[in-house]
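Each remark here refers to the structure printed beneath this line.
Excluded from the calculations below are hydrogen atoms, water molecules and symmetry mates; all remaining heavy atoms, backbone and side chain alike, are included. Computed from a prediction, not measured in an experiment: that's the story for all the values here. Order of appearance sets the numbers: ligands from 1, and atoms from 1 within every ligand.
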Amino acid sequence: MDPSRAVRKLRENPRKMIDAAHRGSLLELTEIANMWQEAPQVLSMGVLDVFFRHLDANTTPTNPERAIDRNSTIDRAFMSMVGLTKAGNFLTEHDDFGDAITKAWPGVFKWSAFFFAGRVQNKNAKPEMQKSTLDVISGTWYSLSRSEKARKAMNATKGSIEIATQMWVLEDRGKIPSVIDIPSASAALDTLLRDDTQAALDRVLAAAGGEPDNIVQLSLSRLRTSVNGPGIRDPAKTAIYLDLIGHLSRGQRHPLRHAFLHANTITLCTKVALSASQLLNQGGPPGLLDVMVASFGYLANYLESTEGFTWVTQAIQAGLLTAFVDCSPHFSKVDDEDRDTILTIVRDILPKYLVYRSVILAVDGTIRKLSEAPHNKRIMQSVAWGIWSKFHELALERYMVTIQAKALKGKGATCDNVKCHKVDSKNNFRKCASCSTTLYCSKECQVIAWKEGRHKAMCKMKQRERLEGKLQSISRSDSIFFHHLFTRDARNHLPRLRRLALKDYPGTTKTALVICIDYTVIPPKYSLIPLAKYEESLPDTRGSPNTEARNEALLERARENPGKFTIIQSKIANGEALQIVMTVVTGSFWEDRDNPWIEDENEAAEHGDDSLSGKTVDGVDMMMARMALNSFLRSQGEPETF
Ligand SMILES: [Zn+2]
Ligand SMILES: [Zn+2]
């Protein structure tokens with residue numbers, strides 16, 4: 001077949017050729033099947049019907065062994081599938097052919113199953129035949145599945161997802177290179193999984209042998225191979241692999257999602273985004289934009305699935321912020337929806353995690369480097385600048401709080417005995433040996449608190465809490481920092497909280513109100529709940545049984561000792577689970593720092609003053625924290641732990 005002659009022939013007299021192919025002439029059918037995309041006007045002349053006619057379900061041989069023998073019916077069917085592989089690009093816009101494809105699909109499927117069993121799975125078939133057949137079936141399916149209507153029919157067919165999965169498994173097996181320039185089996189499976197989730201994923205899992213890890217390992221090893229070497233060798237391939245990983249992860253609570261996360265897919269995707277940024281900035285091909293969108297897409301969708309803290313930490317350590325900043329000049333080149341998905345990472349997701357000390361420190365370390373050339377120029381001139389500078393500001397503010405916390409460490413500790421509540425430097429206190437957190441000014445106070453003050457029960461809970469913290473990979477310094485941050489923020493908002501108390505609960509003593517801070521929204525939201533009605537207002541998502549018990553004990557203690565305590569309840573993000581952290585300060589918290597200058601809210605926001613207890617200690621305002629930070633950095637470089 002002379003390709004240019006065939007195209008000329010088709011352009012000159014399409015009707016004649018189509019009719020001949022329709023009647024069954026293998027010559028014309030072959031010419032059209034291979035070349036029709038060069039003369040797309042034949043689409044409106046019924047070229048697809050020609051292919052469908054030769055893929056009639058009634059003519060499919062029953063014995064797949066016959067597939068390696070050749071006869072004209074089999075040859076015409078196979079050639080028609082070759083023709084259908086070219087249809088994909090013409091089907092997406094208006095889905096004009098959706099009904100026709102849906103009607104013809106049972107025949108296409110039956111022939112596909114016949115060829116798959118007879119030419120791909122058949123051990124007597126030559127490797128070349130196995131490979132080219134796999135390419136043609138998967139190419140046809142990828143092509144047809146781009147019609148939304150057809151995709152529905154395809155998914156509903158028993159055995160379709162199963163064959164698509166098996167083709168995907170076999171895709172790069174053997175040494176024979178593909179005749180199609182994209183991994184069409186990956187692309188076909190990816191497209192088929194576009195609408196359906198849970199049920200389709202169960203079918204994929206079963207067809208691949210039932211082991212989620214096998215699917216994960218195959219997906220990730222292909223992704224790694226496609227990005228290996230000096231840069232991303234094949235952007236189109238990489239983007240399809242990434243996209244498929246995203247679709248395979250879509251089932252909420254599905255074993256595949258978990259298997260991908262636990263195989264460090266977050267790290268891998270972050271590194272792919274990082275390589276894409278480097279190559280794009282060196283003037284790499286536009287195909288890299290798809291890689292950028294797909295890798296950030298996975299991160300935007302799954303950073304917060306299951307336990308968010310773990311994945312956010314992992315992504316930041318793998319270079320998420322650098323990837324974001326360095327990719328930012330290219331955000332304007334992708335469509336609105338894709339851009340918004342990327343921006344949501346720094347606009348909506350990461351800020352919520354700037355309550356964990358470890359996240360704050362990791363972010364701060366990177367942000368410093370990103371404030372220098374060439375990174376700062378990239379982000380400043382990009383569409384992400386506004387979002388980035390807000391994030392930067394919050395990260396810096398929270399970093400200052402870690403410095404304050406450090407400066408205040410050990411100062412202003414309070415004796416745990418409610419009848420005493422003495423405030424002094426931590427060095428002058430004794431620690432409970434069992435939980436090693438609770439402090440007493442004297443042996444006597446410790447005995448009283450153990451016997452009358454319920455420390456016995458609280459002590460056990462504190463020990464268990466530490467264990468749980470380790471399991472959730474939230475470190476002790478993270479939980480200590482929570483207390484510091486929440487107390488500081490509540491204190492800085494005292495004027496507002498006092499006004500709120502006066503307006504909503506005029507008859508209630510302030511210490512009988514729980515201060516609520518919601519850190520899952522940006523900026524955090526402040527509200528009050530009467531201690532008496534606290535349980536009724538709790539959100540559905542709760543902590544572990546032990547955290548619950550501890551919180552209940554704290555509430556009880558506050559109720560039994562009116563005026564002695566103020567409870568601060570904070571909602572913080574941790575993936576699908578919302579975390580409630582309760583902090584207790586002494587009752588005098590409300591009255592402290594009643595200086596006239598703090599009554600102005602704007603000023604209050606600027607002058608952070610703080611203590612680890614409710615009592616007054618020497619305030620460290622932001623100015624001092626900045627100074628402390630500078631000399632600190634000069635002397636030590638990186639901040640140390642508590
Ligand atoms: Zn005491
Ligand atoms: Zn204890």
Side-chain angles (χ1 to χ4, degrees), residues 357 405 408-487 491 511 514 542-570 579-593 610-618 641-642:
R357 183 174 175 274
L408 289 164
K409 190 198 166 192
K411 288 179 191 158
T414 310
C415 178
D416 181 59
N417 176 13
V418 273
K419 288 172 185 158
C420 170
H421 264 188
K422 185 178 167 187
V423 177
D424 200 347
S425 160
K426 198 176 172 184
N427 296 337
N428 298 331
F429 282 94
R430 52 195 295 130
K431 252 186 211 167
C432 166
S434 305
C435 61
S436 65
T437 52
T438 309
L439 299 169
Y440 298 98
C441 70
S442 63
K443 179 84 193 161
E444 290 70 39
C445 277
Q446 186 169 9
V447 172
I448 294 170
W450 187 264
K451 285 183 178 163
E452 300 165 23
R454 299 163 177 267
H455 183 66
K456 196 175 175 180
M458 184 59 79
C459 189
K460 275 211 187 85
M461 293 178 204
K462 280 193 168 181
Q463 291 172 49
R464 237 177 278 147
E465 198 174 48
R466 272 175 91 160
L467 257 167
E468 278 177 3
K470 270 179 199 152
L471 290 178
Q472 291 164 2
S473 66
I474 293 168
S475 69
R476 188 163 144 67
S477 61
D478 275 333
S479 2
I480 293 174
F481 180 72
F482 287 154
H483 178 82
H484 188 89
L485 175 69
F486 305 158
T487 312
R491 183 182 297 285
T511 46
V514 175
R542 312 276 285 269
S544 72
N546 185 56
T547 313
E548 289 295 293
R550 179 188 171 263
N551 289 350
E552 271 162 36
L554 287 178
L555 286 167
E556 208 166 308
R557 205 167 170 218
R559 282 170 182 151
E560 281 174 2
N561 301 282
K564 289 273 185 187
F565 299 100
T566 295
I567 291 178
I568 304 170
Q569 175 229 270
S570 300
Q579 213 162 314
I580 299 286
V581 180
M582 224 184 246
T583 279
V584 184
V585 290
T586 50
S588 54
F589 177 83
W590 283 95
E591 313 310 325
D592 270 352
R593 286 279 153 180
D610 201 18
S611 73
L612 279 168
S613 80
K615 293 284 183 187
T616 312
V617 293
D618 290 337
T641 49
F642 271 94

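The environment of Lys564 atom NZ is dense: over 12 non-hydrogen atoms of other residues, nucleotides or ligands sit within 6.0 angstrom.
Residues Val418 and Arg557 are in side-chain contact: their nearest non-hydrogen atoms beyond the backbone lie under 4.5 Å apart. With a 4.5 Å cut-off on side-chain heavy atoms, Arg430 and Leu439 do not count as touching. A heavy-atom distance below 4.5 Å is found between the side chains of Thr487 and Phe589.
Around the Zn ion (ligand 1), the protein atoms of type N, O or S found under 2.8 Å away are Cys415 SG, Cys420 SG, Cys441 SG, Cys445 SG, listed by chain and number.
Taking all atoms of both residues into account, the shortest heavy-atom contact from Asp416 to Ala449 is OD2-CB, 4.0 Å. When every heavy atom of His455 is checked against every heavy atom of Cys435, the shortest pair comes out as NE2-SG, 3.6 Å. Closest approach of Lys422 to Phe429, counting heavy atoms only: O-CZ, 3.4 Å.
Residues meeting the side chain to side chain donor-acceptor pair (under 3.5 Å) test with Asn428, sequence neighbours left out: Asp424.
Counting only protein N, O or S atoms, 4 lie closer than 2.8 Å to the Zn ion (ligand 2).
Residue pairs meeting the salt bridge (charged side-chain N to carboxylate O under 4.0 Å, His left out) criterion with at least one partner in residues 440-453, sequence neighbours excluded, are Lys419-Glu452.
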